[in-house]
Amino acid sequence: MDLDDILALAQAGPSPLELARARRVARTVQNRYDRSMAEGRRITTATDLVDPLTWDADEAIRVARAAQLAKRGTVTWLLGGSQAEPSERLSWSDEMAMIVGHAPGTLRLTLQTLVELVHPADVERAHAAVRAAWEQSRPEEVGFRVVQPGGSVRYLHCHLEILTGAGRPVGIIATCEDITTLELARQEQRRLAVRSQMLGTDPAVRDVLTGLQTRGYVIDEVDRARRTTGGALVVVTTEPATRLPDALTDEDRDQLTAEIARTLRTAVGHDVTSGLVGSGSWGLLLAQQEQAATAESLAARIVDKFRNHLFSVRQKPLRLNISAGVVHFGDNIPDTGFDLLVDGEHAARDAHRNATAVKVLDRPVAERERTDRCRSRIRRAVRANRFALYAQPIIDLGLNQVARHEILLRVRSDTGEPVAPWAFLDMAERVGEILAVDKWVIDHALELIGRGAQTSHYQVNISGKSLADPGLLAFVTGAIHRHHVKPECLTFEITETALIENRNEALAFATGIREVGCHLALDDFGTGYGALAQLKYLPVDLVKIDGAFIVDLCRSPADQAVVSALVELCHTLGIRVAAEYVQDQETLDLLRAAEVDFAQGYQIGRPEPITVGQEEVQSIELELRLPPQQTAMG
């Protein structure tokens with residue numbers, strides 16, 4: 001029932017029987033009132049008793065009666081009496097009293113108490129609607145909240161009608177309906193619509209360059225299979241048969257990786273879970289026992305196809321060395337998806353060393369043997385210095401010029417080719433050998449800095465897991481003095497903050513490094529657990545927003561909202577903000593509009609090999625990090 005229905009009922013008028021009943025009730029009420037006054041009882045609410053046949057506001061009675069039939073409440077404000085002696089009458093129906101949380105007859109209604117019932121934030125809007133209805137002598141509608149005695153909030157929708165008598169306005173009647181349930185449903189619909197618009201695809205599911213699944217996704221799917229059906233994991237490793245020319249750029253390597261992915265997809269089809277699990281490493285999951293039985297033949301077919309395929313780099317032919325490892329596993333085994341992936345990688349390496357196409361493991365390797373082999377591999381890489389440092393420029397968005405450089409770690413393959421380190425670092429983190437890699441980077445980075453002019457600021461990144469080592473601070477300070485680096489020119493950036501194992505040691509390192517004269521920064525901000533808490537207890541000067549929020553910034557309202565909120569938060573706390581993985585000018589413009597301080601990515605410049613004699617830059621950022629898997633080179 002809407003306002004028109006109420007007015008239609010009101011225009012019908014009371015019947016003779018209803019009028020007779022009203023007079024009888026009025027006489028009864030008057031008698032009870034007189035008796036109560038004579039007995040000296042306290043009156044909580046006083047109203048003027050008027051004969052409905054003689055009152056000049058019959059319109060208000062009709063509207064109130066119709067509202068009562070529709071289970072709505074009314075509030076009536078009348079200018080009574082003569083023009084010489086005007087008076088006001090304010091009343092509400094029992095239904096209205098109950099809507100606002102009061103039992104009928106328990107509250108003496110005045111304009112002040114009526115205003116106090118309205119939510120403070122809505123008083124002005126309600127008052128403006130009443131004023132507009134009165135001044136323009138026309139109906140109005142208004143929605144507002146009321147606060148019940150216990151503090152509960154209800155949503156009301158009111159129709160305002162002007163009451164007239166003798167051709168002039170004599171009052172206002174408001175017909176109100178409790179629409180709390182309806183309003184909450186509307187709010188939920190709006191919330192769901194916004195959430196649907198803001199919800200994007202999971203960037204960790206599919207690699208942007210290859211179109212295949214990512215390492216993390218493949219590991220999760222292997223975990224699912226080993227808890228349920230069992231199956232087989234095939235790991236295929238590829239690398240150029242000859243070393244690629246030094247003039248090759250990251251774009252050239254990316255194109256080669258994309259071509260390898262297309263060839264692999266053609267060989268296995270779309271029914272097999274397949275993904276890029278490392279630089280030149282590809283994982284294939286056969287989760288059903290029927291599929292697992294064909295794993296060895298599938299691996300052999302892939303190897304044969306690749307060996308007979310001629311790839312192209314800069315329009316020059318290129319052949320690949322390829323080998324495969326197969327690991328069969330049952331259901332409910334204790335080995336994790338990561339463990340099985342490592343076993344497959346080691347099996348593929350063994351096949352390559354033995355000059356065979358495929359090596360098959362009937363079961364996962366023993367945990368101790370697997371861990372020892374991983375640790376041995378990492379330690380050999382550190383001893384042999386099988387790493388390289390690359391520099392990527394960072395722009396100061398306020399000055400609109402390159403002000404820093406980030407140093408990215410590369411791991412050299414068996415042919416000496418520098419490749420992205422993310423799979424290597426993942427393994428080092430998991431088997432507890434990341435500290436050795438961190439120390440290599442710190443020592444070599446500070447050596448480069450010490451041999452330079454040190455005219456500005458440099459940033460050296462440290463894995464969050466390494467902060468648990470109580471001797472790290474002494475090692476860093478020793479390297480600073482050994483290489484004659486000015487402490488005030490250094491900022492140490494903590495990467496993979498979710499991996500901080502010991503909060504006390506992390507805080508001790510942060511405090512100690514600040515006392516030495518260096519600064520502190522956080523990397524991958526916004527994705528690690530407890531990142532906001534770290535801003536509270538770590539003396540941070542800079543945070544780098546995780547690239548997952550930047551790569552799709554122009555097309556994602558959700559990413560734009562997150563970046564804006566993070567920038568506002570950090571600036572409020574006196575922290576500067578950097579953004580990585582900036583791929584185009586539009587993203588750069590959005591970051592500048594959001595008042596981000598620094599930006600880096602392919603739009604600004606790609607990583608280049610570092611030489612000691614290179615042209616001096618204002619600032620160099622030296623970083624050991626696990627980058628999101630956006631390209632084959634990280």
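Residues take their numbers from the sequence shown, with the count starting at 1.
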Kindly check if the number of other-residue, nucleotide or ligand heavy atoms within 6.0 Å of CZ (R224) is above 12? no
Determine whether V582 and I604 satisfy the following criterion, side-chain contact (heavy atoms from CB on, under 4.5 Å), listing intermediate values before the conclusion. CA-CA 8 Å; V582 180; I604 290 96; 4.1 Å; yes
With a 4.0 Å cut-off, would you call R482 and E447 a salt bridge? no
Are the charged groups of K544 and D524 less than 4.0 angstrom apart, N to O? no
Nearest 0.5 angstrom please: L472 CG to L435 CG, how far? 6.5 Å
Whether the side chain of S556 engages the backbone of D552 through a donor-acceptor N/O pair (distance < 3.5 Å, no angle test) should be reported. no
Please name the pair of heavy atoms, one in V567 and one in A594, separated by the smallest distance, quoted to 0.1 Å. CG1-O, 3.2 Å
R386 (side chain) donor-acceptor with A381 (main chain) under 3.5 angstrom: no
More than 12 heavy atoms from other groups under 6.0 Å of CD on E568: no
Would R226 and F329 count as a cation-pi pair here, with the cationic atom under 6.0 angstrom from the ring centre and within 45° of the axis? no
Reported CG-to-CG distance for the pair L591 and L397, which is rounded to 0.5 angstrom: 6.5 Å
Are F525 and L535 packed together at the side-chain level, in the sense that at least one heavy-atom pair is separated by less than 4.5 angstrom? yes
Lys/Arg N to Asp/Glu carboxylate O, R514 vs D541, below 4.0 Å: yes
Just checking R503: does its CZ atom have more than 12 heavy atoms from other residues, nucleotides or ligands closer to it than 6.0 angstrom? no
Just verifying a value: how many Å separate R262 CZ and E259 CD, rounded to the nearest 0.5 Å? 6.0 Å
Does either side chain, that of T237 or that of S323, offer a donor lying less than 3.5 Å from an acceptor on the other one? yes
Do D372 and E369 have side chains that approach each other closer than 4.5 Å (heavy atoms only, starting at C-beta)? no
So, Q392 side chain and G605 main chain: donor-acceptor pair closer than 3.5 Å or not? yes
Any sub-3.5 Å donor-acceptor pair from H484's side-chain atoms to I480's backbone N or O? no
Hey, is the main chain of L553 close enough, under 3.5 Å, to the side chain of Q560 for a donor-acceptor pair? yes
As an exercise, state the distance from CZ of R576 to CG of D396, rounded to the nearest 0.5 Å. 7.5 Å
Is a salt bridge present between K316 and D252, judged by a nitrogen-to-oxygen distance below 4.0 Å? no
Between R265 and L212, what is the shortest heavy-atom contact and its length? NE-CD2, 3.7 Å
Between E429 and K465, the two heavy atoms sitting closest are O-NZ, 2.7 Å
Tell me if a side-chain donor or acceptor on S279 pairs with a main-chain N or O of A420 at a distance below 3.5 Å. yes
Do you know which two heavy atoms are closest between R412 and A388, and how far apart they sit? NH2-CB, 3.6 Å
Just jot down the side chain to side chain donor-acceptor pair (under 3.5 Å) partners of R430, sequence neighbours excluded, or say none. D426
Holding to ring-ring contact (aromatic ring centres under 6.0 Å, His included), I want the full list of residues that pass it with H519, two or more places apart in sequence or in another chain. H457
Might you work through the side chain to side chain donor-acceptor pair (under 3.5 Å) test for T371 and R375, ending with a clear yes or no? CA-CA 6 Å; T371 302; R375 288 176 173 170; 6.0 Å; no
Sidechain-backbone polar pair: D584 side chain, T587 backbone, donor-acceptor under 3.5 Å: yes
Quick test of your reading of the model: are K439 and D443 salt-bridged, counting only N-O distances below 4.0 Å? no
Does any non-hydrogen side-chain atom of F387 lie less than 4.5 Å from one of V411? yes
Within 6.0 angstrom of R363 CZ, more than 12 heavy atoms from elsewhere: no
Q454 side chain to K486 backbone, donor-acceptor under 3.5 Å: yes
Evaluate the side-chain proximity of L285 to V234: yes if any heavy-atom separation is below 4.5 Å, no if none is. no
How long is the gap from CD1 on I434 to CE on M427, to the nearest 0.5 Å? 10.0 Å
Heavy-atom pair with the smallest gap, counting every atom of G464 and I494: CA-CG2, 3.8 Å
Reported CH2-to-CG distance for the pair W422 and L409, which is rounded to 0.5 angstrom: 14.5 Å
Considering only NZ, NE, NH1 and NH2 on the basic side and carboxylate oxygens on the acidic side, decide whether E493 and R404 come within less than 4.0 Å. no
Residue pair F598, Q600: steps toward the side-chain contact (heavy atoms from CB on, under 4.5 Å) verdict: CA-CA 7 Å; F598 301 102; Q600 70 180 101; over 6 Å; no
Distance-only donor-acceptor check, side chains S466 and D469, under 3.5 Å: no
Between V437 and A428, the two heavy atoms sitting closest are CG2-CB, 4.5 Å
